[in-house]
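Notes to accompany the following structure.
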Amino acid sequence: MKRAVVLLSGGLDSTTTLAICAREGFETYALSFAYGQRHQIEIAAARRIATALRAYEHRVAEIDLRVFGGSALTDQTAVPKARSQNEMKAGIPVTYVPARNTIFLAYALAWAEVIGAQDIFLGVNAIDYSGYPDCRPEYIAAFETLANLATKAGTAGARFRVHTPLISLSKAEIIQRGLDLSVDFSLTHSCYDPDPDGIACGQCDSCQIRLQGFREAGAQDPIPYATR
């Protein structure tokens, strides 16, 4: 069975991606990050999901991006709330973490090389991507080129591929794909700023995009919210 490293944040996109990877017949190696983000709730969610979807192995890499800050997720900048669709589409938001996907993919590439995998799965999408530049198809293509140039395995003839099965899907389509794969979305967490009990705020960009996706998919979001 071929092996694949899957980046698993604990959110619905990465969870659906893990389910897709497993359905495609890969032995899944899930990789999550404790990177100094505002809360550890998403790490707990990732652990639940890795168990539920029977990942062959799940590791949590501990890094600290608070050393740089520069994001509402890694410093004291306030998380934007109750923004309109136009506001969310206007530029790169303060929740962007500088170079995060590049850092995460570099770790995934390293683990892939160690375990003899040539496939990495990442749950980005270019439609509902909140303006993040490291979720675009041209970025993924560039990293794939780098992976094949910068590794011992690549110079020996291995060909790494970064799979982005959600890249052209809307949030509603992602949710529907997950439901088709029997994903339990009650295990997932998407909120940027949950309360101390882990309840999603319902007002940050991530919550709004998620809730809209469920509405458009004609499905009920199974997680609780402080405000819907």
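Note that the coordinates shown come from a computational prediction; the quantities given were computed from them, not determined experimentally.
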Is a side-chain N or O of [X] found less than 3.5 angstrom from the main chain of [Y], in a donor-acceptor match?
X    : Y    : result
E113 : A153 : yes
E144 : V162 : yes
E24  : C21  : no
Q208 : G202 : no
E27  : M1   : no
T188 : D184 : no
Q37  : Y35  : yes
T155 : K152 : yes

Check: [Y] and [X] side chains under 4.5 Å, non-hydrogen atoms:
X    : Y    : result
P133 : I92  : yes
S190 : C207 : no
T77  : S71  : no
D119 : V5   : no
I20  : L166 : yes
S9   : F33  : no
I174 : L12  : yes
V6   : F26  : no

From [X] [atom1] over to [Y] [atom2], what is the distance, rounded to the nearest 0.5 angstrom?
X    : Y    : atom1 : atom2 : answer
I209 : N125 : CD1   : CG    : 8.5 Å
L73  : L65  : CG    : CG    : 10.5 Å
C204 : M88  : SG    : CE    : 9.5 Å
T164 : F143 : OG1   : CZ    : 13.0 Å
S32  : Y107 : OG    : OH    : 13.5 Å
T17  : L181 : OG1   : CG    : 10.5 Å

Find out if a path of hydrophobic residues (ILVMFWY) with successive side-chain heavy-atom gaps under 4.5 Å connects [X] to [Y].
X    : Y    : answer
V60  : I49  : no
Y56  : L53  : no
I63  : I43  : no
I140 : L109 : yes
Y139 : I120 : yes

Taking it one step at a time, do Q118 and K2 satisfy side chain to side chain contact (heavy atoms under 4.5 Å, CB included)? CA-CA 9 Å; Q118 296 182 32; K2 290 200 302 180; over 6 Å; no
May I ask you to check whether D180 and Q176 show a side-chain donor-acceptor distance below 3.5 Å? yes
Do Q85 and Q212 have side-chain atoms, one donor and one acceptor, less than 3.5 Å apart?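 Looking only at side-chain atoms, Q212 and Q85 do form a donor-acceptor pair, the distance falling under 3.5 Å.
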Please find the pair of heavy atoms, one from [X] and one from [Y], that lie closest to each other, and give the distance.
X    : Y    : answer
L179 : A219 : CD1-CB, 3.9 Å
I41  : P194 : CD1-CG, 3.5 Å
D205 : P93  : OD2-CB, 4.3 Å

Salt-bridge test for [X] and [Y]: reply yes if a basic N is under 4.0 Å from a carboxylate O, no otherwise.
X    : Y    : result
R100 : D134 : no
D75  : R66  : no
R215 : D221 : no
R59  : E57  : yes

For L8 and L31: C-alpha separation, side-chain torsions, deciding distance, then whether side chain to side chain contact (heavy atoms under 4.5 Å, CB included) applies. CA-CA 6 Å; L8 181 64; L31 179 59; over 6 Å; no
Residue pairs passing the salt bridge (charged side-chain N to carboxylate O under 4.0 Å, His left out) test where at least one lies in residues 32-52, sequence neighbours excluded: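 The answer is R38-D193.
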Give the C-alpha distance, both sets of side-chain angles, the deciding distance and a yes or no for side chain to side chain contact (heavy atoms under 4.5 Å, CB included) between F185 and T16. CA-CA 9 Å; F185 285 122; T16 302; 3.6 Å; yes
When the ring planes of H163 and F121 are compared, do they come out parallel, tilted or perpendicular, using 30° and 60° as the limits? parallel
Parallel, tilted or perpendicular, as decided by the 30° and 60° cut-offs, for the rings of Y96 and Y132: tilted
Heavy atoms of other groups near E138 CD, more than 12 under 6.0 Å: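 Yes, because the 6.0 Å sphere around CD of E138 holds more than 12 heavy atoms from other groups.
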Please walk me through it: do R136 and I167 pass side chain to side chain contact (heavy atoms under 4.5 Å, CB included)? CA-CA 8 Å; R136 297 174 297 166; I167 195 111; over 6 Å; no
Running the 4.5 Å side-chain criterion over Ile, Leu, Val, Met, Phe, Trp and Tyr, what cluster does L211 land in, apart from itself?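 The other cluster members (ILVMFWY side chains, heavy atoms under 4.5 Å, direct or chained) are I223, Y225.
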Those residues that, when tested against T227, pass side-chain hydrogen bond (donor to acceptor under 3.5 Å, both in side chains) (two or more places apart):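 Result, side-chain hydrogen bond (donor to acceptor under 3.5 Å, both in side chains) vs T227: none returned.
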